[in-house]
> 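If you scroll down you'll find the structure; I have some questions about it.
Just follow the structure's listing: the first ligand is 1, and inside any ligand the first atom is 1. What you are looking at is a predicted structure, and each value in this text was computed from that prediction instead of being measured.
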Amino acid sequence: MSYILAPSLLSADFLHLENEIERINSSQADWLHLDVMDGVFVPNISIGFPVIKHLARISTKPLDAHLMIVEPQKFIPQFRDMGVSTLSIHYEVCNHLHAVIMKIKEAGMKASVVLNPHTPVEVLTDILDELDMVLLMSVDPGFSGQKFIPRSYDKVRRLREMIDRRKLKTLIEVDGGMNAERGKRMLEAGANVLVAGNYLFNTPGLVQAINQMKQELM
Ligand code: DX5
Ligand code: ZN
């Protein structure tokens, strides 16, 4: 099954980020997943513009930015200027989701909505046609290395049905607690994009781990 693999930089060695990006560049990874946290929407703070703009310069993989921040609409031009390809914003922070999605698309990026584990996929009924991607969280957002929530398989299946029924091209991305076995089940349930942090980085050979996950699930 052809799919997109997006290693999450959150599990990388932050003292040697250039080296980490180069390792990802040389691997069969498809996208680079960037987790942006503000300490308000989630109980953690990660990286911001001064770091991302340098990463963006050296990454040869398309940037998949996952914003875990309140008021994401304020920062759309900055993410566009840094060359972000897909911008994911959380459903839970957005009162005017349709307007913000339109702004992301007008800025020339692919627009994606993220759902927390407790948010049912059915809330997207009236916005799905506008979305390039839906990102389903399979852990509570904020940290890498958390326990996978098995109920996520069912959410992927239900969303896949909604997308196929309307003959849409919307991608389904899954993020949190991913490994090869869960990834395989997610792809069978209808996912297109797998994010993986701990599983890939907590091995001696990152490039080999990425290439193996990519090939095993093809
Ligand atoms: C969690 C982040 C994830 C995280 C995944 O809030 O959105 O992208 O890095 O890490 P793992 O794969 O270790 O759960
Ligand atoms: Zn993420």
Side-chain angles (χ1 to χ4, degrees), residues 3-14 17 20-21 23-24 27 29-48 51-52 55-56 59 61-70 72 75 79 84-93 104 109-119 132-153 155-156 171-187 191-203 206 209-210 212-214 216-217:
Y3 80 104
I4 293 165
L5 179 57
S8 163
L9 200 68
L10 196 60
S11 297
D13 175 358
F14 273 58
L17 275 182
E20 297 290 64
I21 301 285
R23 290 206 292 168
I24 293 168
S27 76
D30 299 286
W31 294 353
L32 175 62
H33 185 82
L34 295 175
D35 292 296
V36 182
M37 307 180 189
D38 65 356
V40 178
F41 176 60
V42 289
N44 197 5
I45 299 176
S46 58
I47 49 171
V51 177
I52 299 172
L55 303 181
S59 174
K61 307 290 180 182
L63 302 180
D64 174 38
H66 172 195
L67 306 191
M68 285 158 272
I69 63 174
V70 297
F75 305 105
F79 284 104
V84 163
S85 159
T86 306
L87 196 64
S88 293
I89 56 164
H90 268 263
Y91 169 83
E92 295 83 7
V93 299
I104 295 173
M109 292 178 284
K110 283 183 268 172
S112 158
V113 172
V114 197
L115 301 183
N116 269 342
H118 73 276
T119 306
D132 295 298
M133 189 170 83
V134 176
L135 167 49
L136 298 179
M137 291 308 299
S138 41
V139 298
D140 286 301
F143 302 90
S144 58
Q146 298 186 89
K147 199 163 169 269
F148 176 80
I149 301 171
R151 174 128 197 106
S152 317
Y153 295 121
K155 288 180 76 173
V156 171
L171 298 175
I172 303 178
E173 181 175 45
V174 195
D175 182 8
M178 206 51 60
N179 60 22
E181 189 205 321
R182 291 174 190 140
K184 187 167 183 289
R185 288 187 62 189
M186 280 300 181
L187 296 180
N192 312 98
V193 186
L194 303 178
V195 177
N198 240 31
Y199 175 68
L200 297 175
F201 282 88
N202 271 5
T203 56
L206 173 68
I210 293 173
Q212 197 173 325
M213 183 167 180
K214 182 72 190 169
E216 247 178 56
L217 306 190

> How long is the straight-line distance from CE of Met186 back to NZ of Lys155, given to the nearest 0.5 Å?
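Answer rounded to 0.5 Å: 10.0 Å.
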
> Return the name of the atom in His66, of element N, O or S, nearest to the Zn ion (ligand 2).
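Nearest N/O/S atom of His66: ND1.
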
> With carbon and hydrogen excluded and only N/O/S kept, which atom of Asp175 is nearest the Zn ion (ligand 2)?
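Nearest N/O/S atom of Asp175: OD2.
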
> If you count only heavy atoms, which residues are under 4.0 Å from ligand 1?
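Contacts of ligand 1 under 4.0 Å: Ser8, Leu10, His33, Asp35, His66, Met68, Met137, Pro141, Gly142, Phe143, Ser144, Gly145, Asp175, Gly176, Gly177, Val195, Ala196, Gly197, Asn198.
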
> Taking just the N, O or S atoms of His33, which one is nearest to the Zn ion (ligand 2)?
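Of all N, O or S atoms belonging to His33, NE2 is the one nearest the Zn ion (ligand 2).
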
> Tell me whether Lys184 is salt-bridged to Glu181, with the criterion being a basic N under 4.0 Å from an acidic carboxylate O.
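A salt bridge is absent here (no side-chain N lies under 4.0 Å from a carboxylate O).
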
> Listed by chain and number, what are the side-chain contact (heavy atoms from CB on, under 4.5 Å) partners of Gln146, not counting sequence neighbours?
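side-chain contact (heavy atoms from CB on, under 4.5 Å) list for Gln146, sorted by chain: Val139, Phe143.
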
> With rounding to the nearest 0.5 Å, note down the distance linking OG in Ser59 to CG in Leu9.
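Between Ser59 OG and Leu9 CG, I get 9.0 Å after rounding to 0.5 Å.
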
> Of all N, O or S atoms in Asp35, identify the one at the shortest distance from the Zn ion (ligand 2).
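That would be atom OD1.
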
> Between the side chains of Glu173 and Ser112, does any donor sit under 3.5 Å from an acceptor?
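No, no side-chain donor-acceptor contact under 3.5 Å.
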
> Just checking, any donor-acceptor pair under 3.5 angstrom between side chains of His33 and Asp35?
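Per modelled atom types, His33 and Asp35 side chains form a pair under 3.5 Å.
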
> Suppose we screen for salt bridge (Lys or Arg N to Asp or Glu O under 4.0 Å). Which residues come up paired with Asp30, at least two apart in sequence or across chains?
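Asp30 satisfies salt bridge (Lys or Arg N to Asp or Glu O under 4.0 Å) with Lys214 only.
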
> For Ser144, enumerate each residue passing the side-chain contact (heavy atoms from CB on, under 4.5 Å) test, keeping only those at least two apart in sequence or located in another chain.
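Per chain and number, Ser144 pairs via side-chain contact (heavy atoms from CB on, under 4.5 Å) with Leu10, Ser11, Asn198.
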
